[in-house]
2 protein chains.
Amino acid sequence: MRSEGLDRVTMRRIAAVLDTGHASLYVYVRDTEDVHAQILDALLASVALNETGGWRERLKALVTSYGEVLRNHPEMARMALSTQPDGPNFLGIVEQILALLREGGADDRAAAWGVDLLLLLPTAMAVEHNVEVHPADEDDRLSDMTDQVGDLDPQQYPNITGLRQELLSGNGPVRSDWSLDVLLDGILARSVATRPTHPPRQIGVDGSAAHPPDRQPRND
Amino acid sequence: MRSEGLDRVTMRRIAAVLDTGHASLYVYVRDTEDVHAQILDALLASVALNETGGWRERLKALVTSYGEVLRNHPEMARMALSTQPDGPNFLGIVEQILALLREGGADDRAAAWGVDLLLLLPTAMAVEHNVEVHPADEDDRLSDMTDQVGDLDPQQYPNITGLRQELLSGNGPVRSDWSLDVLLDGILARSVATRPTHPPRQIGVDGSAAHPPDRQPRND
DNA sequence: ACCTGAACACCGTTCAAGT
DNA sequence: ACCTGAACACCGTTCAAGT
């Protein structure tokens, strides 16, 4: 089903790969969205919880891994923004993030609302960095922001021109990592629960996070 | 140029409104992206800095206003994700956010990297909540998440089912507001600059934020 | 029953041919 | 010079007609 090039996943391309008429696909799926959702969840099988490190490291690695899948398949990221994924692998990721947030000291509300942010951010970044470079436009693409900021009037935009260095600094991974820390700090700051300086409390009903999991919980 | 229905902005629709052939548009614009970018910046003229309240209130109101424009025009939000806007009105918003972040005590890096997050989040939310409801699907749309969570196995997803209440709580504006606070707390937490408990320092070169602006800074 | 070719209603972009 | 109709290369979805 999933061939090599998953970039432009359209009904007619899938049909071509499967050597069939494009109309036949509608026997198996409801519409394009349905196809994309199913493909995304299949891809998410590779996103697994790392078992080393503290809750924060594990959480960041998990979300980063989720973001990498989306960045490798921008079409899927676009879809994930429009329609809330609900496949088993996606729900498994949600479950693990919730467990880790609680382990980090987030209260119920912060964990519940925070998981949305933690998933939304890498999705948006994946869509954003889908450059779709046309071979000839390389120069334009690379220098657009640089030129833009350089040519601005310091009188009109004192902060933009003043912060030029920092606005352009940092590559993708560094910024992503920083952004995750911002979210985690913010989520915990809005939690009224016990701070994680105390020994991390056992999470009552939660089996998957309380005792260390032996392996990746799902391999599909 | 901008008529009433800005939902599905396509070349051919624009041409129809203008009573001309769709090919004629390419005399004035380079491609569809270009049209969308120009329309977005025109729409952003209505996003203005409020002059009442502390830096945090003003910043949140500004970003919320930006998000409302995008939520009213999901097509523009989608475009803003793919291609970095660079119109004068957009840059004005960036400038003001930077000034407010600094006023709040963010250091250079936190302000520069933070502004991206503060703009990315409402953009992603606007794309996300573009329901595009087909009249008959109302029931499905409203209950999809609810049913989903209700039917889950508590053994397999203890945290999701356990936090069911909070996962579904909060309407759009409340969640957006909470998310903005999360970002601001996180951004400030990662700042090494002087904390804002000190009297808010004057921003040296920055005229637009230092003394209160008389009106909306831009009306196009 | 299952599959499919053709058709319908759209897109964005290009370009030769008109005025 | 400027504009435009037609054409090209795509989409998603439907459906009558075939096997």
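The structure presented is a predicted model; accordingly, all values stated were derived computationally and were not measured. Reminder, nothing fancy here: chain letters follow the sequence lines and each chain counts from 1.
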With sequence neighbours excluded, residues passing side-chain contact (heavy atoms from CB on, under 4.5 Å) with [X]:
{"X": "A:D19", "value": "none"}
{"X": "B:A110", "value": "A:W178, B:A106, B:D107, B:I187, B:S191"}
{"X": "B:H36", "value": "B:V9, B:T32, B:E75, B:M76, B:M79"}

For [X], check salt bridge (Lys or Arg N to Asp or Glu O under 4.0 Å) against everything at least two apart and list the hits.
{"X": "A:R71", "result": "none"}
{"X": "B:E166", "result": "A:R109"}
{"X": "B:R13", "result": "none"}
{"X": "B:D116", "result": "A:R175"}

Report the secondary structure of DNA chain C in dot-bracket form, marking unpaired bases with a dot and bases paired to a different strand with |, and treating Watson-Crick or G-U pairs with both distances under 3.5 Å as paired. ||.|||||...|||||.||

Summarise how protein sits on nucleotides 7-19 of chain D as a single string, 5' to 3': B when a protein heavy atom is under 4.0 Å from the base, S for sugar-phosphate-only contact, - for no contact. B---BBBBB----

